[in-house]
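Keep in mind that the numbers below use all heavy atoms, side chains included, and drop hydrogens, waters and symmetry copies. Naming convention: chains lettered A, B, ... in sequence-line order (proteins, then strands); numbering from 1 in each chain.
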2 protein chains.
Amino acid sequence: MNIYDVSEHAHVSIATVSRVINGNPNVSEKTRQRVLAVMEELGYTPNVFARSLGLNTMKTIGIMCSDSSDPWLAEAIYYLEKELRSNGYDSILCCSGYLPETKKKYLELLCSKRVDAIILTGSHYIEARPKDNAYLLETAKDIPLMLVNGSLEGEQIYSTVCDDHAAVCSAAASLIKSGRKSILYLYSGNSYSNLRKLSGYRKAVRDAGFTVKEELMVLCQKDLDAAMEQLKKLSSSGIHFDAVLAAEDILAVGAVKYADQAGIKIPEDLNIIGYNNSILSRCTTPEITSVDNKVEALCTTTVNTLMKVLNNGNVPAKTTITPELIKRGTTNF
Amino acid sequence: MNIYDVSEHAHVSIATVSRVINGNPNVSEKTRQRVLAVMEELGYTPNVFARSLGLNTMKTIGIMCSDSSDPWLAEAIYYLEKELRSNGYDSILCCSGYLPETKKKYLELLCSKRVDAIILTGSHYIEARPKDNAYLLETAKDIPLMLVNGSLEGEQIYSTVCDDHAAVCSAAASLIKSGRKSILYLYSGNSYSNLRKLSGYRKAVRDAGFTVKEELMVLCQKDLDAAMEQLKKLSSSGIHFDAVLAAEDILAVGAVKYADQAGIKIPEDLNIIGYNNSILSRCTTPEITSVDNKVEALCTTTVNTLMKVLNNGNVPAKTTITPELIKRGTTNF
DNA sequence: TTGTAGGCGTTATCAG
DNA sequence: CTGATAACGCCTACAA
């Protein structure tokens with residue numbers, strides 16, 4: 001079942017059938033109707049492979065992320081796919097994990113599939129050392145690269161980010177203003193975004209005239225139990241804190257459970273702020289104050305930008321979105 | 001940059017280059033090395049579009065789900081993509097929403113993309129009335145359809161399901177055995193899976209010699225606040241219950257929060273069981289006893305079956321996986 | 001072991 | 001407005 005069959009049944013050439021398929025106006029209404037009728041009758045569908053070969057595009061975007069089961073990334077993927085599809089694009093999903101080698105390998109794999117562009121979702125793709133990002137610049141010579149919540153400068157690289165630095169800085173400032181003296185900063189990695197958040201924390205502490213204490217900035221696995229254990233250990237080793245500012249909601253949940261077990265009152269004796277405003281922040285009692293970093297806005301902006309790029313439009317290399325602090329029961333300001 | 005360029009530079013025919021690309025043994029080692037060197041030097045990558053056209057396959061599977069940001073579906077997608085990729089297949093993601101028309105529309109869309117098979121993820125694709133599933137049978141005439149946690153009989157349709165009926169039945173039985181008299185069953189839809197769960201609940205109640213009360217089987221939006229409000233309303237309207245068996249973890253979280261607010265003690269005065277054993281079940285205090293319906297096993301089994309199908313192997317039309325009750329703090333058995 | 005030639009199903013360019 | 005024909009890049013008999 002191909003274009004020849006249709007052309008035969010409709011008594012026209014394949015060129016005319018092709019014109020009908022592609023909405024070319026240079027076809028008489030009568031012919032168009034006849035061709036459409038035959039296509040319907042034969043149940044004909046154009047072969048996308050042949051079309052791709054000719055046009056050298058499949059109208060498909062690669063969506064890369066480290067782990068699509070992560071709630072934040074899952075939500076991002078949802079919005080990206082939806083937005084891309086409404087623009088007529090398919091999405092090939094590719095979970096790369098967190099290792100540099102596999103990230104590179106999968107990026108190349110996706111490229112070899114000749115996708116029209118690749119969206120790198122989440123902050124895990126940008127490393128602190130420029131040389132670790134070199135492969136991205138290399139890939140971007142071939143196809144556009146879109147970063148969601150990551151930032152990198154380069155030809156054909158477009159970033160849409162949430163201002164994590166400002167968000168953490170302002171959250172920490174709020175805690176300090178409400179009387180908190182020792183804010184524990186809990187984070188789970190050294191990605192660019194994590195470092196930006198950390199620097200936001202440092203700034204807020206300095207701005208308030210306090211000294212930044214190394215022992216109050218704690219690296220911890222991105223895991224509920226790990227966070228609880230970490231806090232328990234810190235506390236019993238004599239480190240005092242009256243607030244926990246977490247770089248991930250799941251760590252904040254760990255903080256709530258730690259307080260529960262230790263008999264510490266929230267928010268009276270301990271304030272807690274999470275990050276991402278995910279459903280996790282609403283499962284605990286009290287519910288967790290959390291930074292909403294606007295997944296949906298990040299994703300729709302990314303896709304809009306991409307569409308302009310693919311249409312050779314002029315677009316900014318970087319768009320910044322402003323996060324918002326959602327106040328709930330774990331803080332008292 | 002195509003196979004002709006490579007053949008020229010390597011002083012061989014395109015057939016030989018093609019053989020090297022495809023690992024055909026009928027090439028002298030010397031020639032192979034020369035060709036490989038040229039490919040490397042030119043940075044040649046085979047054009048997948050041309051290849052797809054000839055072979056009539058892109059080695060791509062369509063993954064359909066209603067909403068990829070749902071935690072359970074997100075996890076399923078993660079495992080599916082990973083497993084497919086390790087078998088050399090790409091995944092095109094397609095979120096269809098919950099409406100019958102859009103589900104049908106997107107299924108056809110995916111088909112027109114000539115994917116090798118479609119995986120329907122989650123129980124939302126099977127409706128109670130056979131006529132509502134007719135379009136699936138129709139599609140399966142063209143390509144294999146794999147159901148993850150849904151079951152339908154038909155040519156080229158393969159189902160991998162978790163025994164939801166048994167799981168709910170046994171969970172309810174455990175509650176009854178531990179002395180609970182009035183178990184409220186909270187669910188959020190009328191999909192095939194939901195109806196199976198409900199019937200498991202009914203069975204357990206009947207088996208225990210109790211009468212099944214309609215007012216104890218409550219339909220509720222799949223939402224935290226909706227669940228809380230629903231329970232509050234039921235309670236104040238005089239309906240008594242000493243256990244909540246929820247068809248979704250998020251509903252169980254709602255139950256915990258309801259008890260918190262109403263000053264009801266868990267598990268002494270109220271038992272709660274959730275479903276899916278998602279991270280949500282670990283965020284509350286106490287943590288929620290939940291049915292683990294084995295997402296990973298469901299997904300790897302599905303992909304394994306699919307691979308056999310695509311290799312014309314003989315495979316069962318239906319595989320059932322046994323769920324497991326994970327006991328935590330919201331029950332006392 | 002290697003090369004030649006035909007086919008996969010479109011789209012696009014011309015010529016009419 | 002319509003038709004013939006040449007790409008698009010690869011795979012694979014078949015021939016040598």
Side-chain angles (χ1 to χ4, degrees), chain A residues 1-40 42-60 88 90 109 111-116 142-143 310, chain B residues 1-39 42-60 88 90 109 111-116 142-143:
Chain A
M1 170 58 47
N2 57 30
I3 206 169
Y4 286 93
D5 298 324
V6 177
S7 80
E8 236 170 69
H9 283 255
H11 307 295
V12 291
S13 71
I14 61 161
T16 299
V17 177
S18 179
R19 288 191 190 97
V20 172
I21 294 170
N22 296 290
N24 185 313
N26 293 332
V27 184
S28 76
E29 191 50 31
K30 206 175 147 187
T31 311
R32 173 187 313 286
Q33 291 306 333
R34 193 167 67 240
V35 172
L36 285 173
V38 171
M39 293 193 341
E40 170 76 8
L42 268 55
Y44 164 80
T45 324
N47 184 309
V48 286
F49 302 149
R51 171 179 264 159
S52 300
L53 178 57
L55 301 179
N56 197 32
T57 164
M58 232 178 34
K59 297 259 290 178
T60 298
D90 285 319
L109 183 68
C111 261
S112 76
K113 294 295 156 59
R114 297 247 198 311
V115 291
D116 298 307
D142 298 328
I143 60 169
L310 293 176
Chain B
M1 170 57 50
N2 57 30
I3 206 170
Y4 287 92
D5 298 324
V6 176
S7 79
E8 236 170 70
H9 282 254
H11 307 295
V12 292
S13 72
I14 61 161
T16 299
V17 178
S18 179
R19 288 192 189 96
V20 171
I21 294 170
N22 296 292
N24 186 315
N26 292 333
V27 184
S28 76
E29 190 51 30
K30 207 173 146 187
T31 311
R32 173 187 312 285
Q33 291 306 334
R34 193 167 68 240
V35 172
L36 284 173
V38 171
M39 293 193 339
L42 268 57
Y44 165 78
T45 323
N47 184 309
V48 285
F49 302 149
R51 172 180 263 159
S52 301
L53 178 57
L55 302 179
N56 197 31
T57 164
M58 232 178 35
K59 297 255 295 176
T60 299
D90 285 319
L109 184 67
C111 261
S112 76
K113 294 295 155 59
R114 297 257 203 299
V115 292
D116 298 308
D142 298 327
I143 59 170

Distance-only, no hydrogens or angles: does the A/D5 side chain make a donor-acceptor pair with backbone N or O of A/E8 under 3.5 Å?
-> no
Single hit among A/P46, A/S18, A/S13 for side-chain contact (heavy atoms from CB on, under 4.5 Å) with A/I3 = A/S18
Looking at CZ of A/R114 and CG of A/D142, how far apart are the two atoms once the value is rounded to the nearest 0.5 Å?
-> 9.5 Å
For B/L55, report the nucleic acid contact type (base, sugar-phosphate, nothing); a contact means any heavy atom under 4.0 Å.
-> sugar-phosphate
Starting from P on D/dC8, measure out to CZ on A/R114 and report it in whole angstrom.
-> 13 Å
Nucleotide D/dT12, atom C1' - distance to CG of B/N24 in whole Å = 10 Å
Return the residues of residues 43-54 of chain A meeting this criterion: a heavy atom under 4.0 Å from some atom of DNA chain D. Order them by number, or give none.
-> A/L53, A/G54
Pick base, sugar-phosphate or nothing for A/T16, based on heavy-atom distances below 4.0 Å to the nucleic acid.
-> sugar-phosphate
From A/T57 atom OG1 to A/R51 atom CZ, the distance as rounded to the nearest 0.5 Å | 10.5 Å
Side-chain (B/N22) to main-chain (B/N24) donor-acceptor, under 3.5 angstrom = no
Between atom CZ in A/R34 and atom P in D/dC1, what is the gap in whole Å?
-> 14 Å
Student check: side-chain heavy atoms of A/V48 and A/K59 closer than 4.5 Å = no
5'-most by nearest nucleotide on DNA chain D - A/V27 or A/I14 = A/V27
In sequence, state the C-alpha distance, the side-chain angles, and the governing distance for A/T60 and B/M58, and then conclude on side-chain contact (heavy atoms from CB on, under 4.5 Å).
-> CA-CA 13 Å; A/T60 298; B/M58 232 178 35; over 6 Å; no
Round to the nearest Å and state the distance from B/R19 atom CZ to D/dA13 atom P.
-> 11 Å
Could you state the atom-to-atom distance from CG of B/N56 to C1' of D/dC11 in whole Å?
-> 13 Å
Could you give the distance from CZ (A/R32) to CG (A/N26), rounded to the nearest 0.5 Å?
-> 9.5 Å
Within 6.0 Å of CD in A/E40, more than 12 heavy atoms from elsewhere | no
Along DNA chain D (nearest heavy atom to each residue), the more 5'-positioned of A/R32 and B/Y4 = A/R32
So CE of B/M1 and CG of B/N47: to nearest 0.5 Å the spacing works out to 12.0 Å
Boundaries of the chain B footprint along DNA chain C (any atom under 4.0 Å from a heavy atom) = C/dT1 to C/dG9
Interatomic distance, OG1@A/T16 vs CD1@A/I21, rounded to 0.5 Å, equals 11.0 Å
Would you indicate what A/N2 reaches in the nucleic acid, counting non-hydrogen atoms under 4.0 angstrom: base, sugar-phosphate, or nothing?
-> sugar-phosphate
What's the spacing between B/I14 CD1 and B/R19 CZ if we round to 0.5 Å?
-> 10.0 Å
A/I3 CD1 - D/dT5 C1' separation (whole Å) = 14 Å
Quantify the bending of the helix from C/dT1-D/dA16 to C/dG16-D/dC1 as the angle between its end axes, each fitted on five pairs, to 10°.
-> 40°
Hey, does A/N22 reach any base, or is it just sugar-phosphate, or nothing, if we go heavy atoms under 4.0 Å?
-> sugar-phosphate
